[in-house]
Amino acid sequence: MVKTITAYTEEIDDIELAVGEILGQLELEKNPLKNSIGIIACHYEFVFSGVFEALSKALPFDVVGNISSVQAVNGASGTLILTLMVLTSDDVSFEVVLTESLLESPGKVIEDTYKSIQPEQKPKAILMFAPFMPQNSGDEYVNALTKASGGIPCFGTLAVDDTTTFENCFMLFNGAYYTDRMAMLLLYGELNPRFYIATISPEKVRTESPALITKSAGHILIEINGRPVMDFFESLGLAQASETAYALTSLPFMLDYNDGTPQVSKVFIRLTEEKHAICGGATPEGSTLYLGVADKDDILFTTSKLIEKVYEETPSCVLGFSCVARNMSLGANQLEEVDLFRTAAKSPFMISSAGGEICPTQTSDNNAINRFHNTAFVVLVL
């Protein structure tokens with residue numbers, strides 16, 4: 001059994017006041033059980049002001065998490081806010097491990113890090129927190145950890161900020177922040193993690209004109225239907241838009257691996273100098289993509305359906321990550337999606353925005369089909 005407590009502060013400049021607000025809401029003298037972990041999401045200003053570091057020092061357990069542009073817990077939502085979820089249990093334990101730099105050979109680094117742990121028991125789930133690094137593919141992260149762990153369910157986020165250059169997308173751990181390292185939070189013991197995903201509605205996907213990926217390199221899309229990817233954009237009237245970075249994030253595509261597993265949402269990010277398309281995740285050759293549309297109404301509709309699934313039960317913990325592209329589709333009201341969750345919440349929850357989402361599309365007793373998503377809202381329920 002896991003007990004969950006959430007807290008928040010909007011105080012950026014007064015470190016003592018901010019820490020006091022969090023500790024007051026947590027009531028640590030009453031709540032903690034044998035094992036505890038803190039999961040944090042905050043605007044990067046809380047890092048630069050020293051609040052995150054001071055809070056980490058004040059808490060008697062590890063704190064791991066991510067920078068985010070939008071956050072929500074039971075009591076509040078916002079952009080300039082720090083949110084904290086504490087998991088505490090007598091029969092579930094927690095372990096955090098950091099990788100070395102992911103700037104070179106990230107897959108190998110992740111595999112080697114996990115293999116170095118040699119846990120005495122098999123984790124029930126692994127939570128992944130990493131910075132957004134455009135040169136890397138989140139699929140490589142997920143595939144490497146899936147391989148190293150033998151198919152343990154993986155769930156997590158790539159941190160995302162609200163700058164135009166994404167220069168402050170930090171992974172956070174115990175007062176320190178990183179632009180090139182991943183944290184793995186391993187959960188052991190008596191728990192049954194469940195996973196839920198919202199992307200775009202089927203009717204928002206153009207199934208009449210499938211596009212076969214005939215040449216790619218990781219998350220670099222080179223040819224579609226045997227033609228340069230720019231020919232594909234031109235056929236859709238999107239050639240000019242594709243020249244601007246992140247201009248096509250409202251037009252996600254569903255990627256079918258053609259292996260019988262559920263489709264996964266991805267996005268186009270920008271073009272290389274060779275006019276190849278950098279995508280938000282890997283686009284394997286032989287896969288088929290179907291172009292979709294992410295609009296405000298559908299974002300809110302799919303989120304509402306996700307909430308219904310989550311609260312068919314009364315979970316002890318709900319942790320979610322929503323793609324920043326969904327947030328961008330909401331227009332002026334950036335908080336509308338997370339406030340849907342806050343209004344409906346029947347138990348402690350924390351939601352933050354993501355630059356890429358990690359969640360299984362299928363699980364079994366033996367392993368999980370872990371996937372890296374874009375334009376998705378993913379939720380872990382304990």
Inset, instruction - Would you check if there is a donor-acceptor pair between the side chains of S353 and S68 at a distance under 3.5 Å? - result: yes
Legend entry - side-chain contact (heavy atoms from CB on, under 4.5 Å) between L84 and I39, worked out: CA-CA 6 Å; L84 178 70; I39 300 175; 5.9 Å; no
Legend entry - Any side-chain heavy-atom pair of M128 and F155 under 4.5 Å: no
Inset, instruction - Taking the side chain as every heavy atom from C-beta outward, state whether L221 and H276 have any pair of such atoms under 4.5 Å apart. - result: no
Legend entry - Check: F253 ring centre within less than 6.0 Å of F268 ring centre: yes
Legend entry - Main-chain N/O of I200 paired with T302 side-chain donor or acceptor, under 3.5 Å: no
Inset, instruction - For residues F132 and F166, establish whether the separation of their ring centroids is below 6.0 Å. - result: yes
Inset, instruction - Identify whether V70 and L330 are in the same connected component of the hydrophobic contact network (ILVMFWY, side-chain heavy atoms under 4.5 Å). - result: yes
Legend entry - Pair E243 + R270: basic N to acidic O under 4.0 Å: no
Inset, instruction - Taking atom types as modelled, find out whether N258 and T288 have a side-chain donor-acceptor pair closer than 3.5 angstrom. - result: yes
Legend entry - Any donor-acceptor N/O pair, S216 side chain to G218 backbone, under 3.5 Å: no
Inset, instruction - Could you pull out the closest heavy-atom pair between F46 and S49, with the gap in Å? - result: O-OG, 3.4 Å
Legend entry - Polar side-chain atom of E95 near backbone of L186 as donor-acceptor pair, under 3.5 Å: no
Inset, instruction - Please determine if R181 forms a cation-pi arrangement with F129, meaning its NZ or CZ atom is less than 6.0 Å from the six-membered ring centre and no more than 45° off the ring axis. - result: no
Inset, instruction - Show your working on side-chain hydrogen bond (donor to acceptor under 3.5 Å, both in side chains) between Q25 and Y8 and close with a plain yes or no. - result: CA-CA 8 Å; Q25 294 168 57; Y8 71 94; 5.5 Å; no
Legend entry - From E21 atom CD to L26 atom CG, the distance as rounded to the nearest 0.5 Å: 12.0 Å
Inset, instruction - Tell me, yes or no, whether the heavy-atom count around K215 atom NZ, taken from other residues, nucleotides or ligands under 6.0 Å, exceeds 12. - result: no
Legend entry - More than 12 heavy atoms of other groups within 6.0 Å of Q135 CD: yes
Legend entry - Approximate separation, where rounding is to 0.5 Å, of R206 CZ and L289 CG: 11.0 Å
Legend entry - Main-chain N/O of D162 paired to S69 side chain as donor or acceptor, under 3.5 Å: no
Legend entry - Ionic contact status for K204 with D295, cut-off 4.0 Å: yes
Inset, instruction - Let me see the working for Q71 and T83 under side-chain hydrogen bond (donor to acceptor under 3.5 Å, both in side chains), right down to the final yes or no. - result: CA-CA 7 Å; Q71 294 85 245; T83 57; 5.2 Å; no
Inset, instruction - Would you tell me whether E167 and T165 have side-chain atoms, one donor and one acceptor, within less than 3.5 Å of each other? - result: yes
Inset, instruction - For N136 and L102, indicate whether the former's side chain and the latter's backbone hold a donor-acceptor pair under 3.5 Å. - result: yes
Legend entry - Point-to-point distance, once rounded to the nearest 0.5 Å, from CG of L255 to OG of S287: 4.5 Å
Legend entry - Side-chain donor-acceptor pair present, N35, S93, cut-off under 3.5 Å: no
Inset, instruction - Could you tell me whether D139 and K266 make a salt bridge, using a distance below 4.0 angstrom between a side-chain N and a carboxylate O? - result: yes
Inset, instruction - State, with a plain yes or no, whether a side-chain heavy atom of L236 is found less than 4.5 Å away from one of L251. - result: no
Inset, instruction - Indicate yes or no: at least one non-hydrogen side-chain atom of D256 is less than 4.5 angstrom from one of M254. - result: no
Inset, instruction - Find out whether T4 and M85 are in side-chain contact, i.e. whether some heavy atom of one side chain is under 4.5 Å from a heavy atom of the other. - result: yes
Inset, instruction - Please report the shortest heavy-atom distance between F170 and A159, naming the atom on each side. - result: O-CB, 3.2 Å
Legend entry - Same cluster (ILVMFWY, side-chain, under 4.5 Å), L33 and L87: no
Inset, instruction - To the nearest 0.5 angstrom, please state how far the CG atom of L340 sits from the CZ atom of F301. - result: 12.5 Å
Inset, instruction - Could you tell me whether the side chain of H219 and the main chain of G138 form a donor-acceptor pair under 3.5 Å? - result: no
Inset, instruction - Look at atom CD of E208 and say whether more than 12 heavy atoms of other residues, nucleotides or ligands are closer to it than 6.0 Å. - result: yes
Legend entry - Side-chain ion pair, K57 and D62, N-O less than 4.0 Å: no
Inset, instruction - Could you verify whether a donor N or O on one side chain and an acceptor N or O on the other, from D339 and S77, lie under 3.5 Å apart? - result: yes
Legend entry - Exam field: side chain N374 to backbone G356, donor-acceptor pair closer than 3.5 Å: no
Inset, instruction - Please answer: with hydrophobic residues joined when any side-chain heavy atoms are less than 4.5 Å apart, are L187 and V318 in the same cluster? - result: no
Legend entry - Basic-acidic side-chain contact under 4.0 Å: E337, R326: yes
Legend entry - Heavy-atom side-chain contact between I40 and V64 under 4.5 Å: no
Inset, instruction - Please confirm whether the backbone N or O of A325 pairs with a side-chain atom of T249, one donor and one acceptor, at under 3.5 Å? - result: no
Inset, instruction - Answer with yes or no after comparing the ring centroid distance for Y44 and Y177 against a 6.0 Å cut-off, counting only values under it. - result: no
Inset, instruction - Evaluate side-chain contact (heavy atoms from CB on, under 4.5 Å) for R371 paired with C359, printing each intermediate quantity in order. - result: CA-CA 6 Å; R371 296 297 195 199; C359 187; over 6 Å; no
Inset, instruction - Compute whether any side-chain donor of one residue and acceptor of the other, for T6 and N74, lie under 3.5 angstrom apart. - result: yes
Inset, instruction - Salt-bridge test for K30 and E27: reply yes if a basic N is under 4.0 Å from a carboxylate O, no otherwise. - result: yes
Inset, instruction - Look at the side chain of D90 and the backbone N and O of K34, then say whether any donor-acceptor pair between them is shorter than 3.5 Å. - result: yes
Legend entry - Contact check, side chains of L172 and V63, non-hydrogen atoms, under 4.5 Å: no
Inset, instruction - State, with a plain yes or no, whether a side-chain heavy atom of L185 is found less than 4.5 Å away from one of I126. - result: no
Inset, instruction - To the nearest 0.5 Å, tell me how far I5 CD1 sits from M350 CE. - result: 13.0 Å
Inset, instruction - Begin with the C-alpha distance, continue with both residues' side-chain angles, and end with the deciding distance and a verdict on side-chain hydrogen bond (donor to acceptor under 3.5 Å, both in side chains) for T99 and T113. - result: CA-CA 6 Å; T99 70; T113 300; 5.1 Å; no
Legend entry - Rounded distance (nearest 0.5 Å) linking atom CD1 of I15 with atom CG of L55: 11.0 Å
Inset, instruction - Output, in order, the C-alpha distance, side-chain angles, deciding distance and verdict of side-chain hydrogen bond (donor to acceptor under 3.5 Å, both in side chains) for H43 and D161. - result: CA-CA 7 Å; H43 192 276; D161 67 16; over 6 Å; no
Legend entry - T146-N370 side chain donor-acceptor pair, cut-off 3.5 Å: yes
Inset, instruction - Inspect the contact between E223 and R227 and indicate whether a charged nitrogen and a carboxylate oxygen are less than 4.0 angstrom apart. - result: no
Inset, instruction - Measure from the side-chain N and O atoms of E11 to the backbone N and O of D13, and report whether any donor-acceptor pair falls under 3.5 Å. - result: yes
Legend entry - Single hit among K115, E140, M182, E100 for side-chain contact (heavy atoms from CB on, under 4.5 Å) with I110: M182
Legend entry - F377 and its ring pair (Phe, Tyr, Trp, His ring centres under 6.0 Å) partner, picked from F195, Y196, F341: F341
Inset, instruction - Flag the pair E313 and R194 as a salt bridge only when some basic side-chain nitrogen lies within less than 4.0 angstrom of an acidic carboxylate oxygen. - result: yes
